[in-house]
Amino acid sequence: MGANQTDLELVRQVQSGEKKSFDVLVLKYQHKVINLIMRYVHDHDAAQDVAQEAFIKAYRGLKNFRGDAAFYTWLYRIAINTAKNHLVSQGRRAPATDIDAEEAEQYGGESALKEYGTPEREALKDEIQLAISAAIEALPGDLRTAIVLRELEGMSYDAIAVTMECPIGTVRSRIFRAREAIDKVLQPLIN
Amino acid sequence: MNTSKQEYLSALLDDEAGAFERARLLTELKQDDELGQKLNRYALMGEAMRTKQGVVPSDSRDFLAGIQVALAAEPEYTEAVVQLADKAAARSKSWRHYAMGFGAAASVAMAALVGVWLLSSTDSMPSAEQTVNATATKATPATVRLQTARAGEAATERPLRRINLADSSRIRQDNQHMDHATRDALKQYVTLHMQHRANNSVITSIQASAYSQ
């Protein structure tokens with residue numbers, strides 16, 4: 001996975017004094033980081049706290065970030081260490097094995113790492129999952145293929161354009177329209 | 001929010017927006033909360049698609065607010081802070097570089113000394129005692145002297161570090177009768193050493209001195 005130019009630009013902005021740029025990184029990676037931490041800390045509220053702590057540590061450590069690795073790979077390591085430290089502070093043993101950062105990008109979840117949430121939260125989670133699945137199923141074939149290739153296969157727009165035999169602008173438009181269709185069912189649920 | 005902007009926002013999440021659109025959107029994202037929430041939801045749906053177990057959405061505004069409160073007291077970065085961190089990293093790198101250089105030079109020195117010893121041991125002219133002194137001085141970077149003096153006379157210049165091989169290996173040779181092979185080997189070694197010395201300031205330079213009657 002190559003260096004993410006958007007992340008790199010945001011990091012450079014933070015490093016040159018634009019604190020607000022860090023908010024964009026938080027908005028972008030919030031769910032990914034919480035989900036990652038949930039594999040260690042199975043309580044959702046605790047996972048949120050640990051994720052916040054990880055982001056705060058990341059901000060403090062950004063002065064040392066020089067872009068040798070992708071920002072998310074770097075953030076991932078901080079999140080894992082923060083989660084492990086949390087477990088140790090709770091008198092629990094951290095898992096001996098980690099999930100590779102690259103693998104974590106496309107991680108599908110495992111039954112051994114279940115969350116023990118409240119019934120309401122579990123119900124909301126199921127509802128969201130069903131709504132997203134239904135929205136994807138309802139998409140026209142070309143939009144569905146484009147979003148699946150992007151989100152599940154992690155393909156670049158170039159690669160999707162080659163696969164779907166269409167211009168790259170069409171790929172961008174299809175992915176956007178697919179997201180908008182999903183957002184229509186997602187937004188009312190999370191608000 | 002117009003469609004074009006949202007389309008580029010979607011591309012931005014995938015790092016597929018062009019440089020111009022990226023710069024424009026990053027500026028807007030810092031001012032437009034609604035645009036930020038949209039980015040957050042786009043990210044959430046991707047995560048939900050990848051995670052078979054499902055994702056519990058956390059309130060992005062609360063989550064972000066918690067971080068903002070914690071970081072409120074933190075000073076903003078300045079170029080100077082980041083440059084200092086870079087310099088610190090560079091310094092630790094340069095020490096590793098020096099250490100590697102020192103190891104390489106030590107190996108060269110050892111090989112050369114063994115070579116000198118082997119060559120000199122074939123000659124049988126024990127009229128003078130040759131010592132090889134090692135000196136480290138920054139002020140004399142590329143000068144190497146083969147000093148000839150009577151046995152028992154001390155070298156006129158005081159070396160900072162001295163390796164006296166006379167005691168350990170008993171090299172005995174009259175410098176005036178030093179054969180060409182030995183002289184060439186010694187010269188080659190000294191040249192190599194001084195090249196290293198020029199590049200690595202912590203490496204000990206070696207001054208070869210020979211004592212003769």
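Lettering follows sequence order; numbering is per chain, from 1.
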To the nearest 0.5 Å, what is the distance between [atom1] on [X] and [atom2] on [Y]?
X        : Y        : atom1 : atom2 : value
A:Asp23  : B:Ser60  : CG    : OG    : 11.0 Å
B:Asp15  : A:Lys28  : CG    : NZ    : 6.0 Å
B:Leu13  : A:Arg150 : CG    : CZ    : 7.5 Å
B:Asp14  : A:Tyr157 : CG    : OH    : 3.5 Å
A:Ser173 : B:Glu7   : OG    : CD    : 4.5 Å
A:Phe22  : B:Glu76  : CZ    : CD    : 13.0 Å

Margin query: Between A:Glu180 and B:Lys38 (salt bridge meaning N to carboxylate O under 4.0 Å), is one present in this structure?
Written below: yes

Note to self: Between the side chains of A:Arg172 and B:Glu16, is the shortest nitrogen-to-carboxylate-oxygen separation below 4.0 Å, so that they form an ion pair?
What the structure shows: no

Is there side-chain contact between [X] and [Y], with at least one heavy-atom pair below 4.5 Å?
X       : Y        : value
A:Tyr59 : B:Ile67  : no
A:Lys32 : B:Arg50  : yes
B:Met49 : A:Ile147 : yes

Where is the tightest heavy-atom contact between [X] and [Y], given as atom of each residue plus distance?
X       : Y        : result
A:Ile34 : B:Ser58  : CD1-OG, 3.0 Å
A:Lys19 : B:Ala72  : NZ-O, 3.7 Å
B:Arg22 : A:Thr6   : CD-OG1, 3.4 Å
B:Gln6  : A:Phe176 : CB-CE1, 3.4 Å
A:Leu27 : B:Asn40  : O-ND2, 2.9 Å

Checklist line | Heavy-atom pair count under 4.5 Å with chain B, highest-scoring of A:Glu53, A:Arg177, A:Arg60, A:Lys20 | finding: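 Most heavy-atom pairs within the cutoff with chain B belong to A:Arg60.
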
Margin query: As an exercise: rank A:Gln129, A:Arg179, A:Gln13 by heavy-atom pairs under 4.5 Å with chain B and give me the winner.
Written below: A:Arg179

Check: Which atoms of A:Ala51 come close to chain B, meaning under 4.5 Å heavy atom to heavy atom: side chain ones, backbone ones, both, or neither?
Finding: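 Its backbone and side chain both get close to chain B.
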
Notebook entry, point to check: Checking A:Leu124 against chain B: side chain, backbone, both or neither under 4.5 Å from a heavy atom?
Noted result: side chain

So which part of [X] gets closer than 4.5 Å to some heavy atom of chain A, the side chain, the backbone, both or neither?
X       : result
B:Ala23 : both
B:Gln31 : neither
B:Ala65 : neither

Quick one: of [options], who has the most non-hydrogen atom pairs under 4.5 Å with chain A?
options                   : answer
B:Glu74, B:Gln68, B:Gln37 : B:Glu74
B:Val55, B:Leu25, B:Leu39 : B:Val55
B:Leu29, B:Leu12, B:Thr27 : B:Leu12

Check: Any donor and acceptor pair, going by atom type alone, linking the side chain of A:Glu151 with main-chain N or O of B:Glu47 inside 3.5 Å?
Finding: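 Checking the backbone N and O of B:Glu47 against the side chain of A:Glu151, no donor-acceptor pair under 3.5 Å is found.
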
